[in-house]
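Sharing a structure here in structure tokens format.
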Amino acid sequence: MFTWRVILGRHLIADLCCTKGHSCMPAHRPTAFRALRRALCAATLSAVAVTAGTTVATSRSEAAPAPVGTVTAAAGRTATTAPAAGAASRPTATAARLRWSKAPAATVRAGSPVTLQVSVTSPRVLRTKHVLIDVRDGRGRAFATALRRNATIGPKPLVLTAKRTFPAGTYRYQVGYQQGSKRIAVGPVRTFTVVTTLSGKRKPPAPVPAPQPARWVMGYYVGYLKDLQPLEAVEWDAMTHVAVGAAVARADGTLDTTFFHHDTATGRAWAKSVVDRAHQNGRKAILMLGGAGSRAAFASAASTTNRRAFVDNIISTVTALGFDGVDIDWEPMIAADGPNAISLGRELKARKPGLLLTIPIVPVNTNLPQNTVFPFLRDLAGVYDQVNVMSYGMTGGWEGWDSWHSSALFGDSTTTPMSVDASVRAFTAAGVPARKLGVGIGFFGSCMTGTTAPRQSGPDLRIVADDNVMSYANVMTRYYRPDIARWDDVAKVPYLSSSTPIGPAGCTYVTYENARSIAEKAAYVKAKGLGGAIVWNINEGHLPVSARSALIGTDVSIMSAVRTGFLG
């Protein structure tokens with residue numbers, strides 16, 4: 001098969017930037033609608049034997065011709081492998097468009113006929129040597145080819161049809177045409193999988209598990225905070241994966257891939273640079289998709305109506321930018337979302353076997369477990385490679401709550417009903433395997449007034465700042481003093497306590513993470529046999545060496561504590 005990339009984007013840029021945590025930063029997104037942009041890259045087609053007649057559909061397997069040059073486009077660059085003799089040396093952009101009237105489902109029962117029917121049109125007349133649907137198995141053998149010789153593509157639809165049964169396996173199909181020596185692809189490569197049956201029912205293929213390290217650390221690196229930590233300052237040895245954020249799902253299944261930049265081209269180039277640097281350092285790069293407040297868009301995009309297009313767009317972005325996997329940040333997920341979230345994961349795995357899939361989930365409120373502990377979690381964990389608890393921001397001055405910690409390891413109660421341990425117990429009991437479950441580490445804290453310590457109540461208790469504003473770097477440079485630093489030996493986390501307001505936000509109580517609390521969480525993960533941890537987000541944890549030495553008497557970074565605890 002040949003490689004094809006299509007970028008379609010009507011870039012809706014919201015005027016409110018909601019981050020993966022629990023707060024919003026209005027200053028980081030431009031407020032405008034971007035025009036519809038299309039960037040097309042074409043690739044040459046494999047040679048196809050032509051038999052007599054106008055339309056040909058092969059009925060038996062045959063050896064595949066050697067593929068011609070393969071072209072991919074990413075971040076404004078094109079790379080071409082050497083073409084076969086007589087093939088075109090460069091790809092050609094095409095004005096042709098497709099409309100599939102019949103296409104197979106992602107999974108097809110063995111013995112059932114598969115019909116592919118597509119209409120090809122073009123606003124300008126294209127005279128071709130031939131137009132075809134090319135269907136091949138995983139070894140490149142042609143299984144069905146609908147071919148129209150000496151065809152003209154124009155405003156009037158040219159219809160191609162191929163129909164046959166297929167043996168079990170995964171197949172790829174694509175439309176293309178030839179003009180002179182130029183072989184031109186139209187639209188993305190599509191796939192379907194044929195499976196055997198049990199008891200007369202279709203048996204879906206088991207997702208191909210992605211290779212996993214013994215224990216993972218996935219750090220989120222987000223575009224809107226890129227200036228807090230230059231790419232050159234990222235501590236790659238403290239992570240196994242970097243989640244690059246964020247692409248945003250739209251309700252119709254398209255993606256906003258600006259990555260919090262002013263335009264798509266700049267955002268994608270930045271994301272590609274992070275992916276390339278991760279690979280240079282032997283780390284996996286994961287596409288962060290979604291974030292806080294994304295539930296409505298995900299529910300629509302992953303529905304049966306839009307899922308195929310959604311999967312196409314995700315795979316196109318992953319392939320174009322070189323990602324190793326996708327982090328499905330469906331926030332918040334509710335009970336009704338389970339089937340579509342599972343189906344989305346299955347179809348992504350079917351389209352790209354070995355694709356790493358991760359999903360973050362909200363921590364458990366022990367007073368309201370039904371809001372987060374869903375019956376579908378066992379099946380969800382069967383599809384996704386990592387299920388990570390966003391166990392940070394677990395305090396808020398909510399009604400009935402006492403003051404509490406952002407990321408307490410232990411100590412949950414009826415008035416402080418969240419902790420890392422409470423979530424781990426609940427999710428493993430619900431069927432999530434411990435080896436697939438990760439905990440969250442927040443490189444941000446919470447600033448509160450109306451209290452000076454945890455487990456206090458009062459009418460004036462409230463949070464005045466948290467994610468983005470109360471980054472670890474800001475806590476250490478603008479709030480931390482040794483004389484107000486405290487340690488909660490039940491919750492296993494630090495905090496700052498002051499009888500008078502401190503720092504720009506005027507806090508009297510600050511909850512945050514430090515090297516000691518991270519070491520406690522790492523020991524807990526190892527003791528429980530858990531899979532690893534996520535860090536939201538590494539940008540907020542960055543302090544230059546000079547600042548670290550001056551403030552805390554050591555040049556050891558907060559990320560080094562993660563490396564030592566989880567990967568050491």
Report task. Indicate yes or no: does Arg481 engage Asp483 in a salt bridge with an N to O separation below 4.0 Å. Result -> yes
Requested in this report: Could you check whether the rings of Phe443 and Tyr472 sit parallel, tilted or perpendicular, using 30° and 60° as the cut-offs?
Outcome: tilted
Query raised in the report: Just by modelled atom types, is the Trp236 backbone N or O under 3.5 Å from a matching donor or acceptor in the Arg283 side chain?
Result: yes
Query raised in the report: Between the main-chain N or O of Ile441 and the side-chain N or O of Ser407, is there a donor-acceptor pair closer than 3.5 Å?
Result: no
Query raised in the report: If you measure from NZ on Lys352 to CZ on Phe323, what distance do you get to the nearest 0.5 Å?
Result: 12.5 Å
Query - Whether Ser300 side chain and Ala251 backbone form a donor-acceptor pair below 3.5 Å - result: yes
Query raised in the report: Salt bridge between Arg346 and Asp379, side-chain N to carboxylate O under 4.0 Å?
Result: no
Report summary line: The side chain to side chain contact (heavy atoms under 4.5 Å, CB included) partner of Met418 among Ser413, Pro363, Ser423 is Pro363
Query raised in the report: Taking atom CG of Asp466 and atom OG1 of Thr395, what is their separation to the nearest 0.5 Å?
Result: 9.5 Å
Query raised in the report: For the residue pair Trp398 and Trp401, does the interplanar ring angle fall in the parallel (under 30°), tilted (30 to 60°) or perpendicular (over 60°) class?
Result: perpendicular
Requested in this report: Please indicate whether Arg486 has more than 12 foreign heavy atoms, meaning atoms of other residues, nucleotides or ligands, lying under 6.0 Å from its CZ.
Outcome: yes
Query raised in the report: Is the gap between the ring centers of Tyr495 and Tyr509 under 6.0 Å?
Result: yes
Report task. Return yes if some donor-acceptor pair links the side-chain N/O of His279 with the main-chain N/O of Asp276 below 3.5 Å, else return no. Result -> no
Query raised in the report: Nearest 0.5 Å, what's the CD1-OG1 distance between Ile314 and Thr257?
Result: 12.0 Å
Requested in this report: Among Asp488, Asp412, Asp402, find the one that has a salt bridge (charged side-chain N to carboxylate O under 4.0 Å, His left out) with Arg455.
Outcome: Asp488
**Report entry** Thr170/Thr193 under side chain to side chain donor-acceptor pair (under 3.5 Å): CA gap, chis, key distance, verdict
**Finding:** CA-CA 4 Å; Thr170 297; Thr193 301; 3.2 Å; yes
**Report entry** Within 6.0 Å of NZ in Lys528, more than 12 heavy atoms from elsewhere
**Finding:** no
Requested in this report: Check for a donor-acceptor pair, side chain of Ser517 on one end and backbone N or O of Glu513 on the other, with a separation under 3.5 Å.
Outcome: no
Report task. Supply the atom-to-atom distance Ser406 OG to Ile463 CD1, rounded to the nearest 0.5 angstrom. Result -> 7.5 Å
Query raised in the report: Can any side-chain N or O of Ser294 pair as donor or acceptor with the backbone N or O of Gly291 at less than 3.5 Å?
Result: yes
Report summary line: CG of Leu543 to CD of Gln229, rounded to nearest 0.5 Å, is 10.0 Å
Requested in this report: Kindly check if the number of other-residue, nucleotide or ligand heavy atoms within 6.0 Å of CZ (Arg435) is above 12?
Outcome: no
Requested in this report: Measure the acute angle between the ring planes of Tyr221 and Trp270, then classify it against the limits of 30° and 60° as parallel, tilted or perpendicular.
Outcome: parallel
**Report entry** Pairing residues for Arg478 by the salt bridge (Lys or Arg N to Asp or Glu O under 4.0 Å) criterion, not counting sequence neighbours
**Finding:** none
Query raised in the report: Is a side-chain N or O of Asn474 found less than 3.5 angstrom from the main chain of Val469, in a donor-acceptor match?
Result: yes
Query raised in the report: Side chains of Asn313 and Thr254: donor-acceptor distance under 3.5 Å anywhere?
Result: no
Report summary line: Rounded to the nearest 0.5 angstrom, the CG-CG distance for Asn388 and Leu437 is 7.5 Å
